[in-house]
Amino acid sequence: MARLNFKGGVHPYEGRDLSRRKAIETLVPEQGEMVFPLLQHKGNPAVPVVEIGDYVRTGQLIAQADGECSANLHSSVSGQVLAIGKRETADGSLQESIVIGNDGMYEEVTRRDDRSLADPSRRKLLQIIRDAGIVGMGGAGLPTYYKYADANPRKIDTVIANGVECEPYSTSDYRRILEEPWKLINGIYVALKLFPGARGYIAVTENNNEAYRMLRGLLRDDPRIYVKKVRAKYPIGSERQLIYALTGRQLNAKMLPYEIGCMVNNIDTLISINQAVVCREPLITRILTVSGDGAAHPGNFRVRIGMTYRDVLEQSGGLRGKLTEEDVLILDGGPMTGSPLKSLDVPVTKLSSSIVCLRKRRIVFQPETPCTRCGRCLSVCPENLAPMQLYKDAMAGNKPAFVEHMGLECCGCGCCSYACPSKISLSDTISRTKVSIRGNVQLSGDYGRRIVRS
Amino acid sequence: MSPQNPESIRRKDLACYLQRPFVRDSLTTADCMFLVIVALFPSAGYGIYMYGRLAAYVIGISVGTAIVCELVMSLVLFRKVTVLDYSCVVTGFMLGLILPPNVPFLYPVIGSAAAILLGKMAFGGLGRNFVNPAAAGKITVVILYRLVLGARFGDEYLTYSPLTLVERGGILDLRELLLGNVPGCIGTGSVVTIAIGAVFLVLTNVIDLTVPLSVLGSFSVFYFLLGSHGLNAYYLVLQLCAGGLLFEAFFMATDYTTSPMSRRGKIWYGIIIGVLTGILRKLGVMETSALLALLAANLLSRLIDRRTMPAAFGARARIRRTTVHGTATTRARKREREEKRNTEQDARFEAFEKQAATQGRIGGSETAGTVSEKALELQKSRRPVVRRTPDPELLSGLPAFEELEEQKAFEEAKKRRMEQLSGKKPQE
């Protein structure tokens, strides 16, 4: 039984020193268009409730959740609704979005203050979370209301706050814990109120001593919340690996965490829950880390959703020296699970987590050589799969064999590609095949219970 | 569009900019092969020291033939040069080391050619073969010897080899065996140099010890139980160190392509080699026992691979059916042990913990609309991100005033925007 560890994993260059000492700074968008894609979460896109020409205020509801698995969308600026149509988003696709012209006034919507000194009931808490449009902010984007409403409170005995942040170059969660720990702790209290029989865990990596000492100091007398240090290996932040490391329970891709009594949330999500419950604020800001050796001043920035990536990057100091966009690989997310940004004029959404600028000259191009069956991909896979076998099935187009060899269990971490000495793009190919199989209900069967975006 | 310089086009489309992950481990296949070559140098050096120039010629011929064969066949079959991944050098080197030093020069050539052409290229190149090429080369030489000369391979020197000596009832000093002061093949004699090479490979993470330990362990168990001398450690060590078993266990059985990929598969593979070597030695096949065992295990390795694929993590996970009773406070009493351990470390982090007092706010707003000074400063100090440096050739073609006008327009727009921002300080 692995305690605080899991089998497999790699140790890529962490890159945290670039931005871990920079306090979070607030960025204000320039006056211009703010684009709000209607699908910033898993599930159904939200339905607009404003018309073109309406004047909206900061925090006003502009799109309503459509059904159970969907989330509300709120405006992060005040201004006129300019358009509702397809706009380019970070992954390169065109999506229905609401475009609001920022007038720079940031007038807030007046809300009836229905906060009382008494603790809200479970139903009221869920309603608040739903109204605030909170989604999983670790990048997954499952609407938090959907996640909580499904779980039976008598069956959940573990609530995990995922503060490990295993993606290289990302330090936003780290700074959050250092600067605003009580928001996180109160967010966990809210989650523990929803699941009264549960024990709370805050997970941080073992090299994150400052956060560990601070949280333990604050939570010394608390009987319900435990702060745990887990091994600093790459996909420790992946849900299944973290649950295994903290509780020893195993989870496969057909099951959801609430079925084994666990509820995992990113600390950003819990802080957003805290903001919603305490200040009744909807989810309209996000902390992004701008980092990498191509960024002039790496740091952590609080940005409003709807800002363009170009805006964020320029205000943070832009690219280093004389570098231009073509000299740098700009990634949305980290180098392990992020995707390259084809254009910088795409909006920041609730799911963006960092902008990493890597100088192309520094990225060593290693050509692909034939597989030598060395077995490194097997030894690093956190899901204990055989990536080489899955790659062969994927290249042969053999989808039933892919499913039979447990290809749909893949968590998409990229460890296999990282470790392969022949530089075969295992993870990319396997992910693409996974995506194409998920659409096929006959093949994927029970795997379709976990809703995935891509 | 402006003509982009060819270098930028090439860079843009490289796979390393398009496929995640965008960072990779720096170890390549060629690096692994090179490390194996380095690890074989001590054995080769000692062999040359013991046997003189002949040994060097044998190794050299075998490596040279390997490179030439690979070059020619890869160009013919695949139309590209694959010599640079050093795998042919490793094959040739290893084959040279497992041949005896006085073999006529024709035989390394034939063996090496067979190793590369039949043992590797015929299957499709690197990674596709299922027999160890060096073993295939040597077995070809052994068979040819028997067919052509009608004699057992290496008969001239084998009368003095440790295995046959002991079989006939002689006594051998273990120190001689460990140092390699005994007749045998070029590189397989000295335990010390093999150990150096093996330690080097393990420390650089090129091989892992599963297969070698499994081979040696299973052979030892077999020899203890069914060997002719019972639990005698001297005879066991003798058997282990002689006949090229150690060399094979550490360098040939750990070959990536022919050994199974999963850990369980590797253990089974090692057991097969160990037990078969034991059986063959008991039956009287002395020098080539390890080699034949290796080849037999190679034939089974794909089967082993298929049967020992690892079970996916969580494959047997089941839904928890327990219900939680009461609250978690009643289960909190186990914390006290942990607390005692941690109190002594508190002194070191006092200064840091004092900061915690200032961050006690639960409800600081994140979305407040007031625009702070710092945010305005950041706006003013923004550095525009340029798509690409303007092409000097193109610019020289434009008339000068067009460029100036564009620049002026940009400056105007920027000035206007700054004014707007600074003039729009919100009422507090």
Side-chain angles (χ1 to χ4, degrees), chain A residues 12 26 28 58 104 106 108 154 157 181-182 186 196-197 199 213-214 217-218 223-224 250-252 259-261 275 278-279 281 284-285 313-315 318-319 324-326 329 335-336 360 363 365-366 369-375 378 383-386 406 409 414 417-419 421-422 425 428, chain B residues 8 11 14-25 27-29 32 85 125-127 256-257 261-262 309-315 317 319-320 323-324 327-329 332 349 352-353 356 359-363 365-367 369 371-372 374-375 378-379 382-389 424:
Chain A
T26 309
V28 176
T58 310
Y106 303 104
E108 296 200 5
R154 291 179 60 79
D157 66 345
W182 277 110
N186 202 44
R199 186 194 286 190
R213 301 313 302 170
M214 155 153 332
L218 297 177
R224 287 184 79 185
Q250 292 193 359
L251 188 64
N252 61 29
E259 287 170 355
I260 53 168
Q275 293 298 114
V278 171
C279 313
E281 278 177 358
I284 57 178
T285 58
L313 189 55
E314 289 184 355
Q315 286 196 39
L319 296 175
T324 65
E325 233 179 277
E326 280 196 346
L329 180 65
M336 295 295 285
K360 283 186 182 169
I363 299 178
F365 171 59
Q366 291 151 324
T369 52
C371 166
T372 54
R373 295 170 58 89
C374 64
L378 266 93
E383 296 289 333
N384 224 17
L385 304 173
M406 307 300 230
E409 296 273 341
S417 294
Y418 180 87
S422 305
S425 64
D428 207 51
Chain B
S8 68
R11 276 181 184 281
L14 286 178
C16 55
Y17 306 142
L18 296 175
Q19 288 164 349
R20 71 166 79 125
F22 299 93
V23 287
R24 303 289 178 103
D25 201 3
L27 189 75
T28 61
T29 310
C32 289
D85 60 17
L126 182 64
Y256 290 155
T257 317
M261 293 202 282
S262 59
M309 271 301 162
F313 173 76
I319 298 177
R320 262 171 85 88
T323 314
V324 178
T327 61
T329 327
F349 291 90
F352 206 78
E353 283 180 334
Q359 287 129 341
R361 296 181 311 151
I362 297 178
S365 171
E366 309 221 335
T367 65
V371 178
S372 63
K374 188 73 203 288
L378 280 172
Q379 282 222 328
R382 68 161 67 216
R383 286 186 65 216
V385 172
V386 180
R387 172 158 280 276
R388 67 176 79 85
T389 42
K424 262 237 188 254

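The chains referred to below are lettered A, B, ... by the order of the sequence lines, with proteins before strands, and numbering in each begins at 1. Scope of the values below: all heavy atoms of this structure, side chains included, with no hydrogens, waters or symmetry mates.
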Counting only non-hydrogen atoms closer than 4.5 Å, does L329(A) touch chain B with its backbone (N, CA, C, O), its side chain (CB onward), both, or neither?
side chain
For A312(B), the side-chain contact (heavy atoms from CB on, under 4.5 Å) test, sequence neighbours excluded, returns L385(A), M406(A), E409(A), A315(B)
Region of T26(A) that comes under 4.5 Å of a non-hydrogen atom in chain B:
backbone
Could you check which of C374(A), G261(A), P370(A) has the highest count of heavy-atom pairs closer than 4.5 Å to chain B?
C374(A)
Give a yes or no answer on whether the side chain of R383(B) reaches the backbone of L319(A) with a donor-acceptor pair at less than 3.5 Å.
yes
Taking all atoms of both residues into account, what is the closest heavy-atom pair of Q19(B) and D428(A), and its distance?
CG-OD2, 3.3 Å
Set of residues satisfying ring pair (Phe, Tyr, Trp, His ring centres under 6.0 Å) with respect to F313(B), sequence neighbours excluded:
Y244(A)
Interchain contact, L251(A) with chain B, by part (heavy-atom threshold 4.5 Å):
backbone
Where is the tightest heavy-atom contact between A386(A) and M309(B), given as atom of each residue plus distance?
CB-SD, 3.6 Å
Just by distance, do the side chain of E259(A) and the backbone of I319(B) share a donor-acceptor pair under 3.5 Å?
no
S417(A), P421(A), P12(A) screened by side-chain contact (heavy atoms from CB on, under 4.5 Å) with R24(B), the one that passes
S417(A)
Side chain to side chain, Q315(A) and Q379(B), heavy atoms closer than 4.5 Å:
yes
